[in-house]
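Reading through the structure tokens given below for one structure.
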Amino acid sequence: MDHVPLKRPHFFFTTAPLPCPYLADRLERKIVTELNGPDAEILHESLSRAGFRRSHSIAYTPACPGCSACIPVRIVVDGFKPDRTLRKVAKANAGLTVRTVPARATAEQFRLFSRYQESRHTGGDMALMGFYDYRSMIEDSPIDTFMVEFRSPDGTLMAGCLADRMSDGLSAVYSFFEPDAAARSLGSAVVLWLIDEARRRSLPFVYLGYWIGESRKMSYKARFQPLEAFGPNGWLPLDPDTQPPGQNSPADSLR
């Protein structure tokens, strides 16, 4: 998939600077392009391997003025071994039933999504989303996308994850979970399931989006080692203890 040429020209655009949702007193700007037509799958694969992410039918990468803190990361599935903390997470959530379902929005999902946003991201744009906005996020995908639902023994929806299937891995697009069950570390449990599912499918990677060492919301991703980061020299091992945040930003290779 990496070297299949696109059949038509493709255009990229830069968004206007907006306040960064992760780091205070910084501005966010993105390079974006639309994923549509017969080349959508090919383009998505190529861009994902170049550090881009997908939202709806748009692929984007940060190009922020004066900042390169966002680093695309992916888990190397074959090398992953959970540490003591992650083994506890797996044990705490062993009773959950996990099911993959088509990428179709439901009222039950939206209620959990809304509680999660109100608890974790109060004041953010996503906290203001109505059901039709949520449905658009889940269903407006030109590629192979699915939902994963995590349920307690009594059938209560505890977590959900929107994910993309790729030829070399699974990409976690967005996940949300029951905010009143913080002790269970459901977000980490979702990532552990994606790793197991990728291994079951003989896929080498789980794409986690952006790691931001300075952001508490994003720094947890460094726990899932071995982790690779994308930068000017391609995908290289990430050591969060020695690598300065932003060293391998994809925007650096596009400027």
Q. Would L192 and F80 satisfy side-chain contact (heavy atoms from CB on, under 4.5 Å), going step by step from the backbone distance to the final call?
A. CA-CA 10 Å; L192 289 173; F80 174 76; 3.7 Å; yes

Q | Closest non-hydrogen atom pair between S185 and N93, with its separation | A | O-ND2, 4.4 Å

Q | Minimum heavy-atom distance I138-M147, with the two atoms named | A | CD1-SD, 3.8 Å

Q: Take the angle between the ring planes of Y220 and F224 and call it parallel below 30°, perpendicular above 60°, tilted in between.
A: perpendicular

Q. Hey, mind stepping through S57 and D140 against side-chain contact (heavy atoms from CB on, under 4.5 Å) and telling me if it holds?
A. CA-CA 6 Å; S57 60; D140 288 354; 5.5 Å; no

Q: To the nearest 0.5 angstrom, please state how far the CG atom of L238 sits from the CZ atom of F230.
A: 14.0 Å

Q) Between E139 and R104, is there a side-chain N and carboxylate O pair less than 4.0 Å apart? A) no

Q. Can you check whether P82's main-chain N or O pairs, donor with acceptor, with R87's side chain at less than 3.5 Å?
A. yes

**Q.** Note, I75 side chain near L208 side chain (heavy atom, < 4.5 Å)
**A.** yes

Q. Is there side-chain contact between P17 and E28, with at least one heavy-atom pair below 4.5 Å?
A. no

Q | Exam field: side chain T145 to backbone S141, donor-acceptor pair closer than 3.5 Å | A | no

Q. Between atom CG of L186 and atom CG of D180, what is the distance when rounded to the nearest 0.5 Å?
A. 11.0 Å

Q | Y116: partners by ring-ring contact (aromatic ring centres under 6.0 Å, His included), with sequence neighbours left out | A | H121, F177

**Q.** Heavy-atom side-chain contact between I58 and L35 under 4.5 Å
**A.** no

Q: Indicate the atoms forming the closest heavy-atom contact of A189 with V89, along with that distance.
A: N-CG1, 3.8 Å

**Q.** Atom pair CG/OG1 of L112 and T156 - distance to nearest 0.5 Å
**A.** 10.0 Å

Q: Indicate if I31 and L18 have the same hydrophobic cluster label, given that clusters are the connected sets of ILVMFWY residues with side-chain heavy-atom separations under 4.5 angstrom.
A: no

Q. How close do A222 and W211 get, heavy atom to heavy atom, and via which atoms?
A. CB-NE1, 3.7 Å

Q: Output, in order, the C-alpha distance, side-chain angles, deciding distance and verdict of side-chain contact (heavy atoms from CB on, under 4.5 Å) for M158 and R184.
A: CA-CA 10 Å; M158 299 296 292; R184 301 185 65 158; 4.1 Å; yes

**Q.** Main-chain N/O of V77 paired to R199 side chain as donor or acceptor, under 3.5 Å
**A.** yes

Q) Mind checking whether D168 and L203 have side chains closer than 4.5 Å, heavy atoms only? A) no

(Q) R165: which residues meet the salt bridge (Lys or Arg N to Asp or Glu O under 4.0 Å) condition with it, sequence neighbours left out? (A) D144

Q) side-chain contact (heavy atoms from CB on, under 4.5 Å) between R115 and E178: does it pass, once the steps are laid out? A) CA-CA 7 Å; R115 289 201 306 276; E178 176 54 61; 2.7 Å; yes

Q. Would you find more than 12 non-hydrogen atoms of other residues, nucleotides or ligands less than 6.0 Å from D25 atom CG?
A. no

Q: Can you measure from OH (Y134) to CZ (F176) and round to the nearest 0.5 angstrom?
A: 3.5 Å

Q) Between R54 and D164, is there a salt bridge with N-O shorter than 4.0 Å? A) yes

Q.
Distance check, rounded to the nearest 0.5 Å: D133 atom CG versus F110 atom CZ?
A. 8.0 Å

(Q) With a 4.5 Å cut-off on side-chain heavy-atom distances among I, L, V, M, F, W and Y, is there a chain of contacts connecting Y210 to L27? (A) no

Q) Checking R53 against Y60: charged group under 6.0 Å from the ring centre and within 45 degrees of the axis? A) no

Q) If you take all heavy atoms of R26 and A69, which pair is closest and at what distance? A) NH1-CB, 4.1 Å

(Q) So F150 and W193, do their side chains get closer than 4.5 Å, heavy atoms only? (A) yes

Q: May I ask you to decide whether R200 forms a salt bridge with E197, counting only side-chain N to carboxylate O separations under 4.0 Å?
A: yes

Q.
Within the structure provided, determine whether K30 and P62 are in side-chain contact (heavy-atom separation under 4.5 Å).
A. no

**Q.** Shortest non-hydrogen separation from R223 to L86 and the atoms involved
**A.** CD-CD2, 3.4 Å

Q. Same cluster for V98 and F146 if Ile/Leu/Val/Met/Phe/Trp/Tyr side chains link at under 4.5 Å?
A. yes

Q: Is it possible for you to say whether I143 and V206 belong to one hydrophobic cluster, with membership spreading through side-chain heavy-atom contacts below 4.5 Å?
A: no

**Q.** Spatial distance of atom SG (C67) from atom CZ (R29) [nearest 0.5 Å]
**A.** 11.5 Å

(Q) Tell me every residue that passes salt bridge (Lys or Arg N to Asp or Glu O under 4.0 Å) with R99, counting only those two or more places apart in sequence or in another chain. (A) E149

Q: Answer whether the closest heavy-atom distance between the side chains of L47 and T33 falls below 4.5 Å.
A: yes

Q. Going by heavy atoms in the side chains, are L227 and V76 under 4.5 Å from each other?
A. no

